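What you see is a predicted model; the values in this text were computed from it and never measured. Only heavy atoms go into these numbers, but all of them, side chains included; no hydrogens, no water, no symmetry mates. Along the sequence shown, the residues carry numbers beginning at 1.
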Amino acid sequence: MVVANLPSRIRGLESVSGQVSWFPSAGRADSSSERTAQDFGTRREILSKNMKKNRERFCNREREFVYKFKVGSQCLELRVPLRFPVQENASHLHGRLMLLHSLPCFIEKDLKEALTQFIEEESLRDYDRDAEASLEAVKSGEVDLHQLASTWAKAYAETTLEHARPEEPSWDEDFADVYHDLIHSPASETLLNLEHNYFVSISELIGERDVELKKLRERQGIEMEKVMQELGKSLTDQDVNSLAAQHFESQQDLENKWSNELKQSTAIQKQEYQEWVIKLHQDLKNPNNSSLSEEIKVQPSQFRESVEAIGRIYEEQRKLEESFTIHLGAQLKTMHNLRLLRADMLDFCKHKRNHRSGVKLHRLQTALSLYSTSLCGLVLLVDNRINSYSGIKRDFATVCQECTDFHFPRIEEQLEVVQQVVLYARTQRRSKLKESLDSGNQNGGNDDKTKNAERNYLNVLPGEFYITRHSNLSEIHVAFHLCVDDHVKSGNITARDPAIMGLRNILKVCCTHDITTISIPLLLVHDMSEEMTIPWCLRRAELVFKCVKGFMMEMASWDGGISRTVQFLVPQSISEEMFYQLSNMLPQIFRVSSTLTLTSKH
């Protein structure tokens, strides 16, 4: 029988006067009691030292839990020291007692009930003693009654909704509501015309800046050629270096001058625009206003003249485009739109200066959906430095500067905020890593990781991305700046590559923030190079197609299955033959909707 061997199986039990009293055996005494009575917190802070002393009198006291049970003719007694207040779950404590001391299963339920009842009763007695001691302290005058009442009143007012102060209206929120109302009203065309006039003004200013910088560089180039001709004759290397430093300083001064002028002009435009929008919205509420019709009057002639005054026109290559409608999901199918395009990423950002059919409609659609649940996003592949000094980051910043953003901060201000956030995040990670290293839990190999993290303190890592918001771009509202390194140009990346996982996280942000249209570089590059052969392109496209398909199937659990549009972009330098090979690959990976042809019997 199992019961016959019970006394020998219960470790730490000793026979005393015909009974069995439980005392932890040697080597387990401290560990068992500590494991059964750990993780105890302290009471909340009280108002005076006397009350704290009274509380300490009852808290952190050890009490012994005694449980008696019979096995045959033997009477066994279990003694467990517990320190109050017990903050550990009674069920967890009971399970540990059963496991550590191999207690018989037939006492499990009764032991749990007795243990729970003991903890509740002793805790309630402590609360009663604590309350009585606090009341005595108030009666005896040891505690200031007025201070106590004011503390309670403040705590109640701060935690109760009916006493909460109403939130002060935000200027940005008010302006967003006003703009949303106006852009969906007959005044929408007037708003777009005004924005275009501001765009033309800034473009002219940028054109003057470019001309002046070009003249300066040409003049400096001529001066440098003359100096180089005299090098070794009447001039030395030091003279050349001095002239180069002067040229660099002159360029910096001129660029700073134009940068400040552009910044001041955009700030004035933004203030004028917002004030005009608020005034127009107020006038619309007053139907008796006679000047309202003049304010929203459309002036197409002025619009065309301002466009014709610009001689510079964006050159566009012929775009190739294929569209597909797919269904994803096993039981609950969700329809999505896919587009494959051969185009430049920045084409979705640039404002076309030649007023052709359809250009204005793109801008209108972007403005209508600015404060909606149908936002448009774009993925830019950038390096690990958070700035706008080189590559596609510089080109993107140039496009953003061509038109004033009337709703969000300038691109430079947003990047400064991102730098501060990255610095704070890196500081927190560094402190935690340092604590773990100091505790001795890390080996020597992780020291290299710490040094690398310190070396690249303000840089983002591959696969990480930061977001900028825009209202002044042609067809997008949100830009995802995804950090990639030169590894994406190799042909051996996998589905676990940081760039691929970054795309997954971007799609997750799209689901949680109402971005229904997203443009992705299919080959994970913006420009083609010699190593990107046809097999390389096919392997890369297949990998991205399959991974994005899996991520889109995950979307159903993220957002409940909302229809979205995903645009896959390939560089403009890709051949038409390669483009149509990629177009034929897409229906093989995604489930494309089949068309039905209805024919009449007659």
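The shortest heavy-atom contact between Asp344 and Leu569 is O-CD2, 4.3 Å. Taking all atoms of both residues into account, the shortest heavy-atom contact from Leu582 to Cys537 is CD2-O, 4.2 Å. Here the shortest heavy-atom pairing between Leu522 and Phe568 reads CD1-CD2, 3.8 Å. Pairing each heavy atom of Val178 with each of His281, the nearest pair is CG1-CB, 3.3 Å. Closest heavy-atom contact between Leu473 and Cys400: CD2-SG, 4.1 Å. Taking each heavy atom of Val399 and Cys349 in turn, the nearest pair found is CG1-O, 3.6 Å.
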- Task: Given side chain to side chain contact (heavy atoms under 4.5 Å, CB included), test Ile278 with Asp174 step by step and report yes or no.
- Result: CA-CA 9 Å; Ile278 296 294; Asp174 292 344; 5.9 Å; no

- Starting from the C-alpha separation in whole Å, work towards a yes-or-no answer on side-chain hydrogen bond (donor to acceptor under 3.5 Å, both in side chains) for Ser575 and Glu577. CA-CA 5 Å; Ser575 64; Glu577 180 184 0; 5.3 Å; no

- Would Val548 and Met552 satisfy side chain to side chain contact (heavy atoms under 4.5 Å, CB included), going step by step from the backbone distance to the final call? CA-CA 6 Å; Val548 171; Met552 293 176 68; 3.8 Å; yes

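Interatomic distance, Arg339 CZ to Glu321 CD, rounded to the nearest 0.5 Å: 4.0 Å. Expressed to the nearest 0.5 Å, how far CD of Gln572 lies from NE2 of His526 amounts to 12.5 Å. Atom CD1 of residue Ile326 and atom NZ of residue Lys549 lie 8.0 Å apart, to the nearest 0.5 angstrom. Interatomic distance, CG of Leu341 versus CD of Gln567, reported as 5.5 Å (0.5 Å rounding). Note that the CZ atom of Phe199 and the CD atom of Glu204 stand 10.5 Å from one another [nearest 0.5 Å].
When each of Met335, Met553, Met555 is paired with Leu328, the side-chain contact (heavy atoms from CB on, under 4.5 Å) condition holds for Met553 and for no other. For the salt bridge (charged side-chain N to carboxylate O under 4.0 Å, His left out) criterion with Glu542, the lone passing option out of Lys546, Arg540, Arg539 is Lys546.
Within a 6.0 Å radius of NZ in Lys333, other residues, nucleotides and ligands contribute more than 12 heavy atoms. The environment of CD in Gln264 is sparse: at most 12 heavy-atom neighbours from other residues, nucleotides or ligands sit within 6.0 Å. More than 12 non-hydrogen atoms from other residues, nucleotides or ligands lie less than 6.0 angstrom from NE2 of His184.
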N/O donor-acceptor pairs under 3.5 Å from side chains in residues 368-380, not counting sequence neighbours:
from   : atom 1 : to     : atom 2 : distance (Å)
Ser369 : OG     : Gln365 : O      : 2.9
Ser369 : OG     : Thr366 : O      : 3.4
Ser369 : OG     : His477 : NE2    : 3.4
Tyr371 : OH     : His407 : ND1    : 2.8
Ser372 : OG     : Ser369 : O      : 2.7
Ser372 : OG     : Ser374 : N      : 3.2

Donor-acceptor list for residues 464-471 side chains, cut-off 3.5 Å, not counting sequence neighbours:
from   : atom 1 : to     : atom 2 : distance (Å)
Glu464 : OE1    : Arg426 : NH2    : 3.0
Glu464 : OE1    : Leu461 : N      : 2.9
Thr468 : OG1    : His470 : NE2    : 2.7
Thr468 : OG1    : His481 : NE2    : 2.9
Ser471 : OG     : Asp405 : OD1    : 2.5

Run the side-chain donor-acceptor check on residues 486-493: report pairs under 3.5 Å with partners two or more places apart or on a different chain.
from   : atom 1 : to     : atom 2 : distance (Å)
His487 : ND1    : Ser490 : OG     : 3.4
Ser490 : OG     : His487 : O      : 2.5
Ser490 : OG     : Asn492 : OD1    : 2.9

Considering only distance and modelled atom types, tabulate donor-acceptor pairs under 3.5 Å from the side chains of residues 254-263, sequence neighbours left out.
from   : atom 1 : to     : atom 2 : distance (Å)
Asn256 : ND2    : Gln252 : O      : 3.1
Trp258 : NE1    : Glu212 : OE1    : 3.2
Asn260 : ND2    : Asn256 : O      : 3.1

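Side-chain contact between Lys214 and Asp210 is absent, with no heavy atoms from C-beta onward closer than 4.5 Å. Side-chain contact between Gln419 and Leu423 is absent, with no heavy-atom pair separated by less than 4.5 Å. The shortest side-chain heavy-atom distance between Glu576 and Leu320 falls under the 4.5 Å cut-off. In this structure, Tyr580 and Glu322 have side chains that are in contact, with non-hydrogen atoms separated by less than 4.5 Å. Side-chain contact check for Asp181 versus Ser185: every heavy-atom pair is 4.5 Å or farther apart. Contact annotation: the side chain of Ile268 never approaches that of Gln271 to less than 4.5 Å [non-hydrogen atoms, C-beta and beyond]. Contact annotation: the side chain of Leu381 never approaches that of Ile392 to less than 4.5 Å [non-hydrogen atoms, C-beta and beyond]. When side chains are defined from C-beta on, Met532 does not count as touching Leu523, because their heavy atoms never get closer than 4.5 Å.
Side-chain rings of Phe406 and Tyr198 approach one another, their centers coming within less than 6.0 Å.
A search for salt bridge (charged side-chain N to carboxylate O under 4.0 Å, His left out) contacts involving Lys393 returns Asp383, not counting sequence neighbours. With sequence neighbours left out, the salt bridge (charged side-chain N to carboxylate O under 4.0 Å, His left out) criterion links Glu416 to no other residue. In this view, Phe324 satisfies the ring pair (Phe, Tyr, Trp, His ring centres under 6.0 Å) rule with no residue, not counting sequence neighbours. By the salt bridge (charged side-chain N to carboxylate O under 4.0 Å, His left out) test, Arg219 pairs with no residue at all, sequence neighbours left out. Legend: residues meeting ring pair (Phe, Tyr, Trp, His ring centres under 6.0 Å) with Phe579, ordered by chain and number and at least two apart, are absent. Annotation: salt bridge (charged side-chain N to carboxylate O under 4.0 Å, His left out) contacts of Glu413 (sequence neighbours excluded): Arg410. Residues that satisfy the ring pair (Phe, Tyr, Trp, His ring centres under 6.0 Å) test with Phe551, not counting sequence neighbours, are absent from this structure.
The existence of a salt bridge linking Asp283 and Lys279 is confirmed by a sub-4.0 Å separation between a basic side-chain nitrogen and an acidic carboxylate oxygen.
Sorted by first and then second residue, the pairs that involve residues 502-512 and meet side chain to side chain donor-acceptor pair (under 3.5 Å), not counting sequence neighbours, are Arg504-Glu554.
With hydrogens and angles ignored, the 3.5 Å screen pairs a side-chain donor or acceptor of Arg342 with a backbone N or O of Ile574.
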